[in-house]
Structure formats: structure tokens, C-alpha cells
2 protein chains.
Amino acid sequence: MTTSGFICGLDAALAVIGGKWKPLILYHLAHEARRYGDLRRAIGTVSDKMLIQQLKELEADGIVDRLDYKEIPPRVEYSLTAFGKTLAEALKPLCAWGTEHVAEVEKVVSRRGTSAAESAA
Amino acid sequence: MTTSGFICGLDAALAVIGGKWKPLILYHLAHEARRYGDLRRAIGTVSDKMLIQQLKELEADGIVDRLDYKEIPPRVEYSLTAFGKTLAEALKPLCAWGTEHVAEVEKVVSRRGTSAAESAA
DNA sequence: CAGCATCCGCGACGATACTG
DNA sequence: CAGTATCGTCGCGGATGCTG
């Protein structure tokens, strides 16, 4: 058994950033460390359950770092690890591609169910 | 509201390549045009329904091109469009990143359910 | 050979309530 | 503030069978 499941690295990468909220998390964390609630507010429409879950997976993947200040009231900061930053680097071209072709993509995707683009006037 | 659903191009890109079999399809099509059955065999464990569906979405997205030879028995070839090739280009670094860190990723992902790790050729 | 229709399970995703 | 636990929905993805 190859035990390697992944055929073209792309699979591996997608397994890491494929979660519904992961790209957004990565995006917001790329600039600077963020507190939990801060992050949630930044993303806007994510539930605690999902945010925590995705955050934990990213943490398990070694992409993000969790810093607990052990204070009362609680204060926790999330940030990208060095490893996570290499991922962010690798993501840049794709991000640029997406930005450049947002219009086309959005148009077609919205036809598939208004999943990502809701208020596309 | 931003009316743009997508915050960072990354979202847009993921909406395009996020399907379960899309990376594999892209991967196999990147090298050369492929016939339907050929493609299905190459991927191995994909059902007709899924392959067709993903292929159609990619086609609607302008990523892949469908060439029907109108013959009997039927012959259809799928290939990347010029647009699709720009996407493939943007994907390379991510692909490389995934390849480079397959080990780490695979380890963690397999803990989450052996979901993506199974289809080896 | 290429593709479509249908049924169905299961896991992702989400809303709500509760805790330290 | 930063989570956790539970329950319910929804649609993705898979298996099977049929058609041109």
C-alpha cells in the first residue's frame, strides 16, 4: 500500500485548506495575530462550533498557533506558525488568481446555489 | 454588504477547485487531453455521477473544454482551456507545497478520518 | 462508450444552550 | 471572553441501473 493517498500534493494542500472557513481564517491571520472573538467578528457569519473546530484542525496541522494568556477574563490569541506562513506564501498566486477572476467565478458559482455569493446584486 | 461573497480571491479559487475530485481532474488533464473513460480509469475510484458533475462544473467555470467527436461509439475528450491553464499555473506553488509536506499533512489528516487518504493508484 | 436518473447514508455545517 | 455539548438539517458524494 502506498499509504500515500495523495496523488499530487494538491490533494494534500486541499486537505489542509479545504475546510469551509479555513481560507478566511488564514486570510485574517495572515496579517496579524487575532483574538478569538476578534476573529469571529471579522469573519462575521461563522458559528463558534465551526470556528473552533477549524481552528483546532489548523492547529493540529501545525498551521496556526494558539496562545492562551491564562487570564480572567480569558484571552487567547491565534497566529500563523512559521509553517503556516510557508503555506500562506504558496497560497499567494492562487489568491491572486482568484482575485483577478472573481467576476467570472462568482457568476458561475452563484448559479450553483448562492452558496458563497449571496447578495450579488 | 460587500455584495461580493468572496473576501479574498482565495475563496473564489477554492470555490472552483474545492470539489472532491477537481484537483485530481485538474491533475490528470494538466498533462494532456483525456477521454472520459480514460479519465475515470485514471482516477480510479470515482463514480460516473461525480466525475460528470465535477467535469460539468469545471466546464461551466471555463476551466475545462469538452470535445465531442459525435461518433458511434461515442468519443469525448476533455482538456484544459487557456483559462484553465492559468489556474493550473497558479496552483503549482500550492501543489509543490503539498508535495513537500505530504508527510506531515497526511499524518494529521488521517487522524481526522482517513477521508482523503485512500485513493492510490 | 459516454452519460443520466434515482435513492440513500453520512458527515459537514449550523443554531442554540450551557460552562469556566 | 473563550470555549463546549447537543441536536437537527442539508447536500455532498456513493451505488446502482438505464439509455442513446
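Remember, it's a predicted structure, so these values are computed and weren't measured experimentally. Each chain gets a letter, A, B and so on, in the order its sequence line appears, and its residues count up from 1. Note: hydrogens, waters and symmetry copies are ignored here, and every other heavy atom, side chains too, is used.
Residue-level contact check: B:Arg40 touches neither bases nor backbone, having no heavy atom under 4.0 Å from any strand. Counting non-hydrogen atoms under 4.0 angstrom, B:Arg35 reaches the backbone sugars and phosphates but no base. If you check every strand for non-hydrogen atoms under 4.0 Å, A:Gln54 touches sugar and phosphate atoms only.
The A:Val76 side chain lies nearest to D:dG3 when the options are C:dG14, C:dC4, D:dG3. In the set D:dG3, C:dC4, C:dA2, the nucleotide with an atom closest to the side chain of A:Tyr78 is D:dG3. Side-chain proximity of B:Ser47 to C:dG14, D:dG14, C:dC1: nearest is D:dG14. Considering only side-chain atoms of B:Pro74, the nucleotide from C:dA2, D:dG14, C:dC13 that sits closest is C:dA2. Nearest to the side chain of A:Tyr36, among D:dG14, C:dA2, D:dG3, sits D:dG3. In the set C:dG14, D:dG3, D:dG14, D:dG3 carries the atom at the smallest distance from any side-chain atom of A:Ile52.
Going from atom CZ of B:Arg41 over to atom C1' of C:dA2 covers 12 Å, rounded to whole Å. Whole-Å rounding puts the B:Met50 CE to C:dC4 C1' distance at 13 Å. Straight-line distance from the CG atom of A:Leu55 to the P atom of D:dG3: 8 Å, rounded to whole Å. The CD1-P distance, from A:Ile43 to C:dG14, rounds to 11 Å in whole Å. Following rounding to the nearest Å, A:Arg66 (CZ) and D:dC1 (P) show an atom-to-atom distance of 16 Å. Between the CZ atom of A:Arg34 and the P atom of D:dC1 there is a distance of 15 Å, given to the nearest Å. Here the P atom of nucleotide D:dG3 and the CD atom of A:Glu59 are 9 Å apart, to the nearest Å. Rounded to whole Å, atom C1' of C:dG20 lies 7 Å from atom CD1 of A:Ile72.
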Please test B:Lys22 against B:Glu57 for side-chain contact (heavy atoms from CB on, under 4.5 Å), starting from the C-alpha separation and ending with a verdict.
-> CA-CA 9 Å; B:Lys22 302 218 179 136; B:Glu57 288 182 5; 2.8 Å; yes

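Applying the 4.0 Å criterion to OP1 and OP2 of D:dG3, one finds that A:Lys56 has every side-chain N and O outside that range. Residue A:Lys70 has no polar side-chain atom (N or O) positioned under 4.0 Å from OP1 or OP2 of D:dC1.
Taken from CG in A:Leu51 to NZ in A:Lys56, the straight-line distance is 11.5 Å, to the nearest 0.5 Å. With rounding to the nearest 0.5 angstrom, the CG atom of A:Leu26 is 7.0 Å from the CD1 atom of A:Ile63.
Side chains of A:Asp38 and A:Tyr78: a donor-acceptor N/O pair is absent below 3.5 angstrom, by distance only.
Comparing B:Arg75 and A:Gln53 by the nucleotide of DNA chain C that holds the closest heavy atom to each, the one mapping nearer the 5' end is B:Arg75.
Under the 6.0 Å distance and 45° angle rule, B:Arg75 counts as a cation-pi partner of B:Tyr69.
The six-membered or imidazole ring of B:Trp21 lies away from that of B:Tyr27, with a centre-to-centre distance of 6.0 Å or more.
Counting distance only, with no hydrogens placed and no angle test, the side-chain atoms of A:Lys49 and the base atoms of C:dG14 include a donor-acceptor pair under 3.5 Å.
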